[in-house]
Amino acid sequence: VQLQASGGGLVQAGGSLRLSCAASGRTLSRYVIGWLRQAPGKEREFVAGIGWSSGMTYYKDSVKGRFTISRDNAENTVYLQMNSLKPEDTAVYYCGACSRGILTASSSYEYWGQGTLVTVSS
């Protein structure tokens, strides 16, 4: 599985960004694609995930109602729409693929895309 993340940038508090994760590989249906983020000096943390075949979604409590994860199977892309952004959302965002283990644990992810930096100014 190969993942390519994009869409980060600088935005003011209250603004929006959409991240994209382009995926390739013959066994995508086995995976949950997750977005995790890592702020300076902090551990990588789970933000949201979506089952590639089931479409089931999962969210970190602090982003529920603000972030929406979705997938376009035809385009093999997972999106993270981020609204009402806050300065504490500032981090490098990674997309990853997980087929087993605890979805919210970064150690469960077998494949990673490169990170994309999201900076939210106050």
Side-chain angles (χ1 to χ4, degrees):
V1 174
Q2 293 185 322
L3 304 170
Q4 180 87 18
S6 62
L10 173 64
V11 64
Q12 289 188 330
S16 299
L17 280 175
R18 188 177 78 160
L19 305 184
S20 299
C21 178
S24 62
R26 292 179 293 175
T27 59
L28 289 174
S29 61
R30 296 175 48 197
Y31 293 92
V32 172
I33 304 298
W35 284 99
L36 292 85
R37 66 187 180 189
Q38 189 164 18
K42 295 188 177 181
E43 293 186 353
R44 195 170 296 189
E45 65 173 3
F46 174 80
V47 176
I50 187 166
W52 189 266
S53 58
S54 69
M56 291 186 63
T57 59
Y58 313 86
Y59 293 96
K60 176 181 175 64
D61 285 347
S62 64
V63 307
K64 286 179 180 177
R66 299 190 299 124
F67 291 10
T68 303
I69 191 168
S70 62
R71 77 198 191 296
D72 184 331
N73 284 19
E75 296 293 329
N76 278 7
T77 300
V78 171
Y79 300 100
L80 184 67
Q81 177 67 43
M82 305 186 296
N83 299 328
S84 302
L85 281 161
K86 304 176 181 180
E88 52 263 42
D89 294 318
T90 295
V92 177
Y93 283 71
Y94 300 87
C95 58
C98 171
S99 66
R100 62 177 63 89
I102 301 172
L103 180 64
T104 56
S106 61
S107 59
S108 296
Y109 289 77
E110 299 155 59
Y111 301 97
W112 292 99
Q114 87 290 359
T116 185
L117 177 62
V118 172
T119 303
V120 184
S121 63
S122 58

Open item on the list: Quick check against the 3.5 Å criterion: does Arg71 have a side-chain atom that pairs as donor or acceptor with the backbone of Trp52?
Closed with: yes

**Prompt:** In terms of hydrophobic clusters joined by side-chain contacts under 4.5 Å, are Met82 and Tyr59 together?
**Reply:** yes

Nearest heavy-atom approach of Ser53 to Ser29 is OG-O, 3.4 Å

Salt-bridged, Lys86 to Asp89, with N to O below 4.0 Å? no

So, the side chain of Ser20 versus the backbone of Ser6: is there a donor-acceptor pair under 3.5 Å, distance only?
no

Of all heavy-atom pairs linking Gly51 and Tyr58, the shortest is N-CE1, 4.5 Å

Rounded to the nearest 0.5 Å, the CZ atom of Arg37 sits from the SG atom of Cys95 at a distance of 15.5 Å

Closest heavy-atom pair, Leu117 versus Thr119, reported as atoms and distance to 0.1 Å, is CG-OG1, 3.7 Å

task: Go through the steps for Tyr111 and Tyr31 under the test side-chain contact (heavy atoms from CB on, under 4.5 Å), then give the verdict.
output: CA-CA 10 Å; Tyr111 301 97; Tyr31 293 92; 3.4 Å; yes

In terms of heavy-atom contacts, Val1 and Ala97 come closest through CG1-CB, 4.3 Å

CD (Gln114) and CD (Gln4) are apart, to the nearest 0.5 Å, by 4.5 Å

Here the gap from Leu36 atom CG to Leu103 atom CG, rounded to the nearest 0.5 Å, amounts to 8.0 Å

Measure the acute angle between the ring planes of Phe67 and Tyr93, then classify it against the limits of 30° and 60° as parallel, tilted or perpendicular. tilted

(message) Hydrophobic clustering (ILVMFWY, side-chain heavy atoms < 4.5 Å, transitive) - are Leu3 and Phe46 grouped together?
(response) no

Does Glu88 CD have over 12 foreign heavy atoms under 6.0 Å away? yes

Salt bridge (Lys or Arg N to Asp or Glu O under 4.0 Å) filter on Lys60, not counting sequence neighbours, yields Glu45

Examine Val11 and Val47 and state if one hydrophobic cluster contains both, with Ile, Leu, Val, Met, Phe, Trp and Tyr joined whenever side-chain heavy atoms are less than 4.5 Å apart.
yes

Correct closest heavy-atom pair for Gly8 and Val118 would be CA-CG2, 4.1 Å

What one should report as the nearest heavy-atom pair of Cys98 and Ser108 is SG-O, 3.7 Å

Legend entry - ILVMFWY network linking Val63 to Tyr94, side-chain heavy atoms under 4.5 angstrom: no

Gln2 (side chain) donor-acceptor with Gly25 (main chain) under 3.5 angstrom
no

One should read off an interatomic distance between Tyr79 OH and Trp35 CH2, to the nearest 0.5 angstrom, of 10.5 Å

**Message:** Can a donor-acceptor pair be found, under 3.5 Å and without considering hydrogens, that links the side chain of Thr90 to the backbone of Val120?
**Reply:** yes

The reported gap from CD in Glu110 to OG in Ser99 (rounded to nearest 0.5 angstrom) is 3.5 Å

(message) Are Val92 and Ile33 connected into the same hydrophobic cluster when the rule is that any two of I, L, V, M, F, W, Y join if their side-chain heavy atoms are below 4.5 Å apart?
(response) no

Separation between OG1 (Thr57) and CD1 (Ile50), nearest 0.5 Å, reads 6.5 Å

Q: Determine, stepwise, if the pair Ser106 / Trp112 fulfils side-chain contact (heavy atoms from CB on, under 4.5 Å).
A: CA-CA 10 Å; Ser106 61; Trp112 292 99; 4.2 Å; yes

